[in-house]
Amino acid sequence: GLFDRDGGSAIAQLNSEAGEAYRRVQGSMLFNLDRADKSMLLVAGTNNPHSSTTVAANLAAAAARSGRRTLLVGADLRRPSLHERFGLENRVGLSDVLSGKAPISQAIQTLPDIPNLQILTAGSPVAEPARLLQGEAFGRLVSSARSEFDLVIFEAPPVLQVADAVDLARLCEGAVLVIEPNRATRAGVADSVEQLRLVGANVLGTIVASASDS
């Protein structure tokens, strides 16, 4: 599959087969965006949050390695897990910034081995994130991110479980749907694609997750 693990991480190594696969995928998908140099991209699964988190992390790493200034945002505020993929802390993140508890300068983290990648983890879990994701603070954060980064990737919760992914998709030019083996049905995939398209997100493609990550 596309998922290499090294020391508990799920980030493909630069010269590995998986790293090359993600480089090709992110390149071809971003090429199809009308504004590929200033893009907002949503990555979400249909039912399972874990596989889409891994895909979002690897696409962000591949884009950063290709030279794009990339911001990866953990937008699953109910069950944060993005920080675990990178071995980062999650004491301050997106939810804390949006609720006014911390400035974004304190929340964004970097990785020494991927210089072009910055990460905003999800932060403190929130039971009902809609108020934060639909609020003015989130709009300001998105506007600022557009001006500072070439690519912003939102790692979202599953489309069919909660409405959060659709709320996020309204702000994104493109979306990638992650399909989980043995979980996703044809009807579920079609429903997910339709929900994303209804709010104006261009579904650039689908990625079939590794069975071990579903």
Cluster overlap Val159 with Val203, hydrophobic side-chain contacts below 4.5 Å: yes
Strictly by side chain to side chain donor-acceptor pair (under 3.5 Å), give each pair with a member in residues 126-141 just once, sequence neighbours left out. Gln134-Asp167
Using side chain to side chain contact (heavy atoms under 4.5 Å, CB included), reason through Leu77 and Asp164 one step at a time and then give a plain yes or no. CA-CA 9 Å; Leu77 303 186; Asp164 303 352; 5.8 Å; no
Smallest heavy-atom separation, Leu120 atom then Gly93 atom, equals CD1-C, 4.0 Å
Using the rule that Ile, Leu, Val, Met, Phe, Trp and Tyr join whenever any side-chain heavy atoms are under 4.5 Å apart, tell me whether Phe138 and Leu71 fall into a single cluster. yes
Contact summary for Pro125 and Arg78, nearest pair of heavy atoms: CB-O, 4.0 Å
Closest heavy-atom contact between Ala175 and Ala201? CB-CB, 4.3 Å
Hydrophobic clustering (ILVMFWY, side-chain heavy atoms < 4.5 Å, transitive) - are Val142 and Leu196 grouped together? yes
Among the clusters formed by ILVMFWY side chains lying less than 4.5 Å apart, do Ile179 and Leu42 turn up in the same one? yes
Less than 4.5 Å apart, any side-chain heavy atom of Asn116 and any of Thr70? no
So Gln109 and Phe86, do their side chains get closer than 4.5 Å, heavy atoms only? no
Under a 4.5 Å cut-off applied to non-hydrogen side-chain atoms, are Leu41 and Ile153 in contact? yes
Per the side chain to side chain donor-acceptor pair (under 3.5 Å) rule, what does the pair list look like for residues 90-99, sequence neighbours excluded? Glu89-Arg91, Asn90-Thr121, Asp96-Ser124
To the nearest 0.5 angstrom, please state how far the CG atom of Leu94 sits from the CD1 atom of Ile108. 10.5 Å
Are Asp76 and Leu82 side-chain neighbours, meaning at least one heavy-atom pair lies under 4.5 Å? no
Start with the C-alpha gap between Gln161 and Arg79, add the side-chain angles, then the distance that decides, and say whether side chain to side chain contact (heavy atoms under 4.5 Å, CB included) holds. CA-CA 12 Å; Gln161 287 188 1; Arg79 292 178 294 183; 2.8 Å; yes
Without swapping roles, check the side chain of Ser143 against the backbone of Gly139 for a donor-acceptor pair under 3.5 Å. no
Mind checking whether Leu171 and Met40 have side chains closer than 4.5 Å, heavy atoms only? no
How long is the gap from CD on Glu173 to CG on Leu151, to the nearest 0.5 Å? 10.0 Å
Keeping Asp150 on the side-chain end and Arg69 on the backbone end, is there a donor-acceptor pair under 3.5 Å? yes
Output the distance between atom CZ (Arg170) and atom CG (Leu133), rounded to the nearest 0.5 Å. 11.0 Å
Between Leu98 and Val126, is there a side-chain heavy-atom distance shorter than 4.5 Å? no
Scanning both residues in full, the closest heavy-atom pair of Ile114 with Ala64 reads CG2-CB, 3.6 Å
Indicate yes or no: at least one non-hydrogen side-chain atom of Arg146 is less than 4.5 angstrom from one of Val152. no
For Ser144, is there any backbone N or O sitting under 3.5 Å from a side-chain donor or acceptor partner on Ser147? yes
Could you walk me through whether Leu111 and Leu88 satisfy the side chain to side chain contact (heavy atoms under 4.5 Å, CB included) test, starting with their C-alpha distance in whole Å, then the side-chain angles of each, then the deciding distance to 0.1 Å, before giving a yes or no? CA-CA 9 Å; Leu111 298 173; Leu88 297 174; 4.0 Å; yes
Can you hop from Val43 to Ile207 via hydrophobic side chains spaced under 4.5 Å? yes
Indicate yes or no: at least one non-hydrogen side-chain atom of Ser52 is less than 4.5 angstrom from one of Pro158. no
